[in-house]
Amino acid sequence: MSLLETSAGVIAYDERGEGQPLVMLPSGAHSRHDFDQLRELLAPRFRSIALDWPAHGDSPPGAGAASAMAFADAAEALVEAVAPDGAVVVGNSVGGFAAARLALRRPELVRGLVLVDAGGFAPHSPLVRVFCALMSRPGFLRRFYPAFARRYMRPRTEADRRALDAAVATTREDPGLRTVSELWASFVAPEHDLRAEAGSIAAPSLVVWGRRDPVIPLRIGKKVAASIPGAELVVLDAGHVPYATDPEGFASALVPFADAAFATVAGETV
């Protein structure tokens, strides 16, 4: 495990394997260990790098209030530090928002973009605003999160159950509880809405969605794939964290996509 100082605070991350870099950004309340089984399936030609968000996993509390935008800044700092020539960036939920924003802001750092049940592409309807307001209250979040996490995880595997337990533990007490509640408050900020910019994403893009995700449903995933030029949509029989539920299925989509992305230099296949 290594540590990196970012504007959002110190973040923990680890690297496995050698070769072309794959940077993995988890969902809020979740840790880098959600990717463990997927990472075991990757060919040795890949170097996988996964982070813990501030106050998640092995990362200490963050600097200032947590937000999706601050997390995206931390992800940008990580990719710049560990893969300055660019990486395939895999992001789930708030990690998907961070990955997409990075592809828009720093396209030279994103050789390929993999959006997994990604945030930042759903309309901020009145219902969404009310739900985010409730989830931003630490007391409500602590009580509601265990049932909420079971619903969005739709756990079937041991990896699912480990991810669920870790996410619930993160929201039991500060600093994780405070961080996740602040994160939810940020989801209705105008800066969290990438829909108008999605058409400007130039990186090769793979959109992977869980068919049974109740939080960011598949209809959003289909719109995301349709809005990004050339994006491919892969649907897995899973909830919000499909790489934990079906790592084999996820790897079967990720590996050829990453191979193709790394074989492309300056828009020409080599």
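- The closest donor-acceptor contact from the side chain of Ser59 to the backbone of Ala12 lies under 3.5 Å.
- Between the side chain of Asp52 and the main chain of Ser31, no donor-acceptor pair closer than 3.5 Å is present.
- Side chain of Arg47 to main chain of Gln20: no donor-acceptor pair is present (N/O by atom type, distance under 3.5 Å, no hydrogens or angles).
- A side-chain donor-acceptor contact under 3.5 Å links Ser93 and His240.
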message = Would Asp73 and Arg101 count as a salt bridge (charged side-chain N to carboxylate O under 4.0 Å, His left out) here? Give the steps.
response = CA-CA 9 Å; Asp73 289 342; Arg101 197 185 77 154; 2.3 Å; yes
task = Would you sort out whether Arg39 and Asp14 count as a salt bridge (charged side-chain N to carboxylate O under 4.0 Å, His left out), showing the intermediate values?
result = CA-CA 11 Å; Arg39 297 172 82 181; Asp14 69 6; 2.7 Å; yes
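- For CZ of Arg106, the number of neighbouring non-hydrogen atoms (other residues, nucleotides, ligands) closer than 6.0 Å is greater than 12.
- Between Phe144 and Phe131, the two ring planes are perpendicular [angle over 60°; tilted spans 30° to 60°].
- Other residues, nucleotides and ligands contribute more than 12 heavy atoms inside 6.0 Å of the CD atom of Glu15.
- A donor-acceptor pair under 3.5 Å is formed between the side chain of Ser252 and the backbone N or O of Gly249.
- Relative orientation of the Phe71 and His56 rings is perpendicular, given thresholds of 30° and 60° on the angle between their planes.
- Note on ring orientation: taking the six-membered ring where Trp is involved, the planes of Phe148 and Trp184 are perpendicular (angle over 60°, cut-offs 30° and 60°).
- Checked by atom type and distance alone, the side chain of Trp53 never pairs as donor or acceptor with a backbone atom of Ala29 at under 3.5 Å.
- Here the side chains of Leu254 and Leu38 are in contact, with some heavy-atom distance below 4.5 Å.
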